[in-house]
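Lettering of chains follows the sequences in order, A, B, ..., and the numbering in each one begins at 1. Just the heavy atoms: all of them, side chains too, but no hydrogens, waters or symmetry mates, feed the values below. For clarity, every value in this text was computed on a predicted model and none was experimentally measured.
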4 protein chains.
Amino acid sequence: MARDDKRELLLQATLELVATHGFHGAPCAAIAEQAGVAAGTIYRYFESKDVLIVELYAELEGRITTALMSGYKANQPIRDRFLHLAIGILKYFITHSLEFKYIEQFHNSPYGTAHRRDNLLGNTESSDAVRKCDIYKQLFTEGLELQVIKNLPMPLLFDLAFGPIVSVARNHILGFIRLDDALIEQIAEACWDSLKR
Amino acid sequence: MARDDKRELLLQATLELVATHGFHGAPCAAIAEQAGVAAGTIYRYFESKDVLIVELYAELEGRITTALMSGYKANQPIRDRFLHLAIGILKYFITHSLEFKYIEQFHNSPYGTAHRRDNLLGNTESSDAVRKCDIYKQLFTEGLELQVIKNLPMPLLFDLAFGPIVSVARNHILGFIRLDDALIEQIAEACWDSLKR
Amino acid sequence: MARDDKRELLLQATLELVATHGFHGAPCAAIAEQAGVAAGTIYRYFESKDVLIVELYAELEGRITTALMSGYKANQPIRDRFLHLAIGILKYFITHSLEFKYIEQFHNSPYGTAHRRDNLLGNTESSDAVRKCDIYKQLFTEGLELQVIKNLPMPLLFDLAFGPIVSVARNHILGFIRLDDALIEQIAEACWDSLKR
Amino acid sequence: MARDDKRELLLQATLELVATHGFHGAPCAAIAEQAGVAAGTIYRYFESKDVLIVELYAELEGRITTALMSGYKANQPIRDRFLHLAIGILKYFITHSLEFKYIEQFHNSPYGTAHRRDNLLGNTESSDAVRKCDIYKQLFTEGLELQVIKNLPMPLLFDLAFGPIVSVARNHILGFIRLDDALIEQIAEACWDSLKR
DNA sequence: TATGAATGAGGCTTCATTCAT
DNA sequence: AATGAATGAAGCCTCATTCAT
């Protein structure tokens, strides 16, 4: 078995266990078993469990960015571009529910807290995640200049745009609602309504 | 010391420790110390740590509902009532940051998952939380009938309304932005924009 | 059972296991079992296994100092005082072979290395061990002034005095020789011969 | 690369790692890395890590004996021969500090204990170490017959002669003193003083 | 009622050794 | 002969919970 395979098996096992049972339900022994390797093998691929957790998070952020980038056309109208991104991220979340759950677990955990602190202190090289934010940031900046979106601080624009998306994705994944393409588009448009001037 | 005092001390200690250090940083011994009681005493007031965690959550939901109820006038226009609630909940969160952090920790944890499962299965008697939801539900139902808010499933209306609020509160509490009354009102109005037809 | 009893049981168990099987043969589980307590109990009395190891060493040094002090008369001739100390320490070692073995294990271990480093850096408050050294130091200083012992740097005087004592004690304890009072006295006198001018 | 080269590299790597970091700091992986070979290769040259450790010890004893033999003249006076050996071994130790440290580590370890037990039980063929002892033994025997050294059991004579040497070497290597040729000679003479009648 | 010492299961990690390549 | 990935037993430590006082 190639080296990358086992690394991938471990990441996948971690994704599944953490997404379904939380960090609490993902001890090293369980991760290893789920991946079909011995416990000690984890440490050939990751310095520690913490590193495994964080690297998986980075990996997932990378995947999302890649997904969002595809089909994004910088020369379209702002509204269209926003809808493309909002619909794209929502669809990504609901078709990759394990990843969504993992990311949510991560954000509300000591790992996520440390991650935010590192970001604040600039302890990380520009990652894919940052680039993803940059697309939005650029979009919002452009919208502000053209006076098509509300004159609010950047973080609040993120909150208005992302807050409902995340919340909707969670409700779908938990089974409280069942989204279809029409609903997804309506949600995205409602988000735009909250942003546009 | 009256019986309820110690119970209250334990709840408060749990709130503080979980909010600031996460569940990970709130072992029973630390909770007891923070409350100024012995570790064993926890079990005279709560069946288990899990029960303590869940009861605190219920208690906090109750407090929020009480706060939102005050000043709520059912005979005002829908938009005004919505803004009252949105502004109220946002202000409550940022002035009770420990409670907000606790609730966020709770939602993303095995406790929160179980809690949601119980709600789905109807394993809980109608709680304050349910009553709080009822206010919104009633408001949204009325808005749907009057055709002033978008024709979307109820859970999605919740997401559009609450999603940004929670996200904004988090950013404020984490220090990424600093809200003032004007901003709070703008946020609430933006949420209304996403709801209204 | 009084608090100090269990602490004492743990120290004694550690002494026995380390002396007879080395640090390698004294895992926490074995120490706890030997002491008749659960493994977790160790951590109610000692911050970590390392601390247990180091505190036991300090305790043993204290006992030796106490033993040597008894009967020591500062107004006797230097030679008599030296013989008193040399005989005393040798007798102590061979009647407390576990303690002797433990101390030897300790010195040749990461613990002992760190301990020496701390002493060099002055990271420790003056301990009993230091006071014990002080008796010798004072004795040697006096001997140097009176020109009855060889004019050598202080550490070398220690080596000449202690080196054989430790070596003899080891051979006795390992069973290569069997000391009696007459031999002990001869050894002490031989050490004096190497010191005296 | 010739077979013996890798064996030698492994022995040297073990010497360096154990001397500087103790057995605790010399896992097989580190030894292999230091030697520039793969971990599994160790087992083509040594049955187990334990065997590697013990064979290195035997090797080092052999080197010391060889060094001491050189220039030793059996027809010199006893005192001169003793001084030659004492000075020789002390100089060897302080110019081969890694070897000295390794030997000290070895003596105070499960390996050393087992080694001594084997010696007692006669489980080993006569090794270089034994031959080294023989020189001393012969020297002491002769001294006893001529009544120039104290009438003490053989092991005690070893202790009086070697005890200070080892102790002095340790203090030099640890940096507590700095020996020069004059001091070394004084030390050797002091040792003789403790032996001579 | 309250205490807090004691428990022991279970978590993360290391490392000597094996074996397919 | 050599490699080094994989193994899994064993080590240290934490913590929810119990129970004698």
Q: How long is the straight-line distance from CZ of B/Arg7 back to CG of B/Leu52, given to the nearest 0.5 Å?
A: 8.5 Å
Q: Rounded to the nearest 0.5 Å, what separates atom OH in C/Tyr43 from atom NZ in C/Lys49?
A: 8.0 Å
Q: In a table with atom names and distances, give each donor-acceptor pair under 3.5 Å that connects a side chain of residues 21-42 of chain C to protein atoms at least two apart or in another chain.
A:
residue : atom : partner : partner atom : Å
C/Gln34 : NE2  : C/Glu16 : OE1          : 2.5
C/Thr41 : OG1  : C/Ala38 : O            : 3.3

Q: Once Watson-Crick and G-U wobble pairs under 3.5 Å are found, how is DNA chain E written in dot-bracket notation, 5' to 3', with | for any base paired to another strand?
A: .||||||||||||||||||||
Q: Could you measure the distance from the CG atom of D/Leu10 to the OH atom of D/Tyr45? Nearest 0.5 Å is fine.
A: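 Those atoms lie 7.5 Å apart.
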Q: Just how far, in rounded Å, is P of F/dA2 from CZ of D/Phe46?
A: 12 Å
Q: For the pair made of NZ in B/Lys6 and P in E/dT1, what is the distance, rounded to whole Å?
A: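 After rounding, the gap between these two atoms is 11 Å.
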Q: What's the shortest heavy-atom distance between A/Asn108 and B/Glu104, and which atoms?
A: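 It is ND2-O, 3.3 Å.
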Q: Where do D/Leu15 and D/Leu56 come nearest, in terms of heavy atoms and distance?
A: N-CD2, 3.6 Å
Q: Would you compute the distance between atom CG of B/Leu60 and atom OH of B/Tyr102 and round it to the nearest 0.5 angstrom?
A: 7.0 Å
Q: When you match C/Val37 and B/Arg44 each to their closest nucleotide on DNA chain E, which lands nearer the 5' end?
A: B/Arg44
Q: Which listed nucleotide (E/dA6, E/dA2, F/dG4) is nearest to the side chain of C/Thr41?
A: E/dA6
Q: Please state whether the rings of C/Phe106 and C/Tyr57 are parallel, tilted or perpendicular, taking 30° and 60° as the class boundaries.
A: parallel
Q: Look up atom NZ in C/Lys6 and atom CG in C/Leu11, then write down how far apart they are to the nearest 0.5 Å.
A: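 Going from NZ on C/Lys6 over to CG on C/Leu11, the span is 14.0 Å.
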Q: Quick one: D/Ile31 CD1 to E/dA16 C1', roughly how many Å, whole number?
A: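 Atom-to-atom, D/Ile31 to E/dA16, this comes out as 10 Å.
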Q: With the side chain of D/Ala38 defined as its heavy atoms from C-beta on, choose the nearest nucleotide among E/dT3, F/dA6, F/dT3.
A: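 Shortest atom-to-atom distance from the side chain points to F/dT3.
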Q: Could you state the CZ-P distance from C/Arg7 to E/dG4, rounded to the nearest angstrom?
A: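 Nearest whole value for this atom pair: 20 Å.
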Q: Check the distance between E/dA16's C1' and D/Glu33's CD and give it to me in whole angstrom.
A: 16 Å
Q: Rounded off to whole Å, could you give me the CD1-to-P distance for the D/Ile42 and F/dG4 pair?
A: 13 Å
Q: Which whole-number value in Å describes the distance from D/Leu10 CG to F/dA2 C1'?
A: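 Between C1' of F/dA2 and CG of D/Leu10: 12 Å.
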Q: Give every pair of a protein N or O atom and an N or O atom of nucleotides 11-13 of chain F that lie under 3.5 Å apart, one pair per line with the distance.
A:
residue : atom : partner : partner atom : Å
F/dC12  : OP1  : C/Lys49 : NZ           : 2.5
F/dC12  : OP2  : C/Cys28 : N            : 2.7
F/dC13  : OP2  : C/Tyr43 : OH           : 2.5
F/dC13  : OP2  : C/Lys49 : N            : 2.9
F/dC13  : O5'  : C/Tyr43 : OH           : 3.3

Q: Could you give the NE2-to-P distance, from A/His21 to E/dG11, as a whole number of Å?
A: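 One finds 13 Å between P of E/dG11 and NE2 of A/His21, rounded.
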